[in-house]
Amino acid sequence: MGSFSMDEAFVQAPEHRPKPSVAEADNIRIIDLSPLLAVTDGDETVFDALAAEVGRASQEWGFFMVTNHGVPPGAVARAAEAQRAFFALPPERKAAVARSEAAQMGYYASEHTKDVRDWKELFDLVPCQPSPPSATVDGELVFDNKWPEEMPEFREALEVYGEAVKDLAFKLLELIARSLGLRRDRLHGFFKGQTTTFIRLNHYPPCSSPDLTLGVGCHKDAGALTILYQDNVGGLDVLRRSDGEWVRVKPVPNSFVINVGDIIQVWSNDRYESVEHRVAVNMEKERFSIPFFFYPASSTMVEPLEELVSEESPARYNPYNWGDFFSTRKNSNFKKLEVENVQIAHFRKNVPGHVQ
Ligand SMILES: O=C(O)CCC(=O)C(=O)O
Ligand SMILES: [Fe+2]
């Protein structure tokens, strides 16, 4: 990998540093999606049972795992192989596809989460490249993929992977909608046209001081859903709601971790809450992960769904424009900021009797 050496930019405040040992999470819901493959359009019972499981997990934890999800194991293996090959390239070849503030897809080695540098390098790409002229968000962000030269297999593997995971994303979106008592396709409209969905390849090199730093600082995912592949090293920690403890999510072969994001929290008017998570690093092993950030169209106004709002349960958030939110976030991850990053809490209404 490149040359990461420990310096103060990576050091977390004492309260954010990982403890020397983090308990493994138990009771995580692992939802077997194989019944979905068998469901015919007329048979809603099986679908509803899965939706109920997704609903319970989203309430209790804000995340769950899925198996038998329909993404071919070969497509995952090839994407993971391409990822390893890319990060093993010499620094100058990675620099040739570096992302910039204006054109945000590509390679990057100094991501910040809440103003502390993450111990990782990454590569971002969009799964569905828009046809020219390139799509922009708010006239600012350019979503053009940068492909490394002389690595056709890298591009091919990630395009195939992106298509397959996109299918899973829509299945999960249907389950979430149904779990909230809505029509299966209730949320589809937000993902029409040019979405802001992107795929991130993460590489966490071994670290000499894993007690001081994090691969990704604690955060919540801002989008709708995250579909995360992780290798078998481990390091993803989630904040357990029942007791506020950090617990480690043990890698399960052929599974994905699904995070409920902030947008679903807002759409559901707080029935579901997005999960706080972070990544710990270790001294011996590098780690790889691939989050697929399922994000709506940039023009989307995010607000509690009208079906879930009533006199007894008034809207807890003011509407916000996703494109503006996203570009502000992306730019702030790019560099250190003097001000607090934009959060959904900034759009929370003061609802009488509701203590948050
Ligand atoms: O690497 C992981 O397991 C999670 C990464 C993550 O949370 C993120 O990129 O938002
Ligand atoms: Fe995340």
Side-chain angles (χ1 to χ4, degrees), residues 1-5 71-112 117-137 139-167 169 194-206 215-216 226-231 233 279 285-295 298 326-327 330-331 333-335:
M1 58 127 326
S3 49
F4 269 45
S5 58
V71 179
V76 179
R78 277 190 293 278
E81 228 171 85
Q83 175 180 30
R84 282 176 181 269
F86 173 77
F87 288 115
L89 290 174
E92 63 280 6
R93 285 199 53 198
K94 291 188 277 192
V97 286
R99 96 183 187 196
S100 69
E101 202 161 342
Q104 298 233 353
M105 295 301 118
Y107 174 73
Y108 194 54
S110 44
E111 178 91 340
H112 288 76
R117 192 165 162 199
D118 294 330
W119 189 270
K120 71 164 179 183
E121 52 180 348
L122 60 83
F123 182 92
D124 285 344
L125 67 135
V126 285
C128 331
Q129 176 73 61
S131 41
S134 52
T136 60
V137 172
E140 255 189 73
L141 302 185
V142 178
F143 274 74
D144 280 351
N145 281 329
K146 296 191 187 79
W147 298 109
E149 267 183 21
E150 290 155 37
M151 282 185 99
E153 67 291 354
F154 177 85
R155 175 177 184 162
E156 212 221 308
L158 288 157
E159 284 179 344
V160 169
Y161 181 80
E163 273 305 307
V165 178
K166 190 171 71 164
D167 290 346
Q194 189 51 53
T195 71
T196 48
T197 293
F198 70 102
I199 295 178
R200 171 163 287 180
L201 310 179
N202 283 317
H203 174 220
Y204 307 94
V216 186
T226 305
I227 300 175
L228 176 83
Y229 156 82
Q230 64 165 332
D231 68 10
V233 172
V279 174
K285 287 189 179 162
E286 60 184 344
R287 174 174 180 268
F288 296 89
S289 74
I290 312 179
F292 177 103
F293 295 113
F294 192 42
Y295 287 178
S298 58
F326 179 55
S327 47
K330 267 225 157 234
N331 285 333
N333 293 352
F334 198 77
K335 58 186 172 217

- Who passes side-chain hydrogen bond (donor to acceptor under 3.5 Å, both in side chains) against Tyr161, sequence neighbours left out? none
- Of all heavy-atom pairs linking Thr196 and Ser298, the shortest is CG2-CB, 3.9 Å
- Heavy atoms of other groups near Glu92 CD, more than 12 under 6.0 Å: yes
- Task: Could you tell me which residues satisfy ring-ring contact (aromatic ring centres under 6.0 Å, His included) with Phe198, sequence neighbours excluded, listed by chain and number?
- Result: Phe293, Tyr295
- Task: Please work out whether the ring planes of Phe154 and Trp147 are parallel, tilted or perpendicular, with thresholds of 30° and 60°.
- Result: perpendicular
- Can you name the residues that form a side-chain hydrogen bond (donor to acceptor under 3.5 Å, both in side chains) with Asn202, not counting sequence neighbours? Lys120, Tyr204, Ser289
- Message: Using the side-chain hydrogen bond (donor to acceptor under 3.5 Å, both in side chains) criterion, which residues pair with Gln230? Sequence neighbours excluded.
- Response: Arg287
- Query: Is Lys94 reaching over with its side chain to a backbone N or O of Ala109, donor-acceptor style, under 3.5 angstrom?
  - Reply: no
- Message: Contact between Leu158 and Leu201 at the side-chain level, heavy atoms closer than 4.5 Å - yes or no?
- Response: yes
- Output all residues satisfying salt bridge (charged side-chain N to carboxylate O under 4.0 Å, His left out) with Glu153, sequence neighbours left out; order by chain, then residue number. none
- Could you pull out all residues at least two apart from Arg84 that satisfy side chain to side chain contact (heavy atoms under 4.5 Å, CB included)? Asp231, Glu286, Phe288
- The residue among Tyr108, Phe86, Phe87, Tyr107 that forms ring-ring contact (aromatic ring centres under 6.0 Å, His included) with Phe123 is Phe86
- Task: Test Leu89 against Met151 for side chain to side chain contact (heavy atoms under 4.5 Å, CB included), laying out the working first.
- Result: CA-CA 11 Å; Leu89 290 174; Met151 282 185 99; 3.8 Å; yes
- Task: Determine the minimum heavy-atom distance between Ala164 and Pro72, stating which atoms define it.
- Result: CB-CD, 4.1 Å
- For Val160, side chain to side chain contact (heavy atoms under 4.5 Å, CB included) partners two or more places apart: Ala75, Glu156
- Task: Identify the two heavy atoms, one from Ile290 and one from Ile199, that lie closest to each other, and give their separation to 0.1 Å.
- Result: CG2-CG2, 3.6 Å
- For residues Met105 and Arg99, report the shortest heavy-atom separation together with the two atoms involved. O-CB, 3.3 Å
- Residue list, side chain to side chain contact (heavy atoms under 4.5 Å, CB included) with Pro152, at least two apart or on another chain: none
- Message: If you define the side chain from C-beta out and look only at heavy atoms, does anything of Glu111 sit under 4.5 Å from Val216?
- Response: no
- Query: With Tyr229, which residues qualify under ring-ring contact (aromatic ring centres under 6.0 Å, His included), at least two apart?
  - Reply: none
- Item | Shortest non-hydrogen separation from Pro291 to Thr226 and the atoms involved | CB-CG2, 3.8 Å
- Can you name the closest pair of heavy atoms from Pro127 and Phe292 and give their distance? CG-CE1, 4.0 Å
- Message: What I'd like to find out is whether the side chain of Phe294 reaches to under 4.5 Å of the side chain of Val165, using heavy atoms alone.
- Response: no
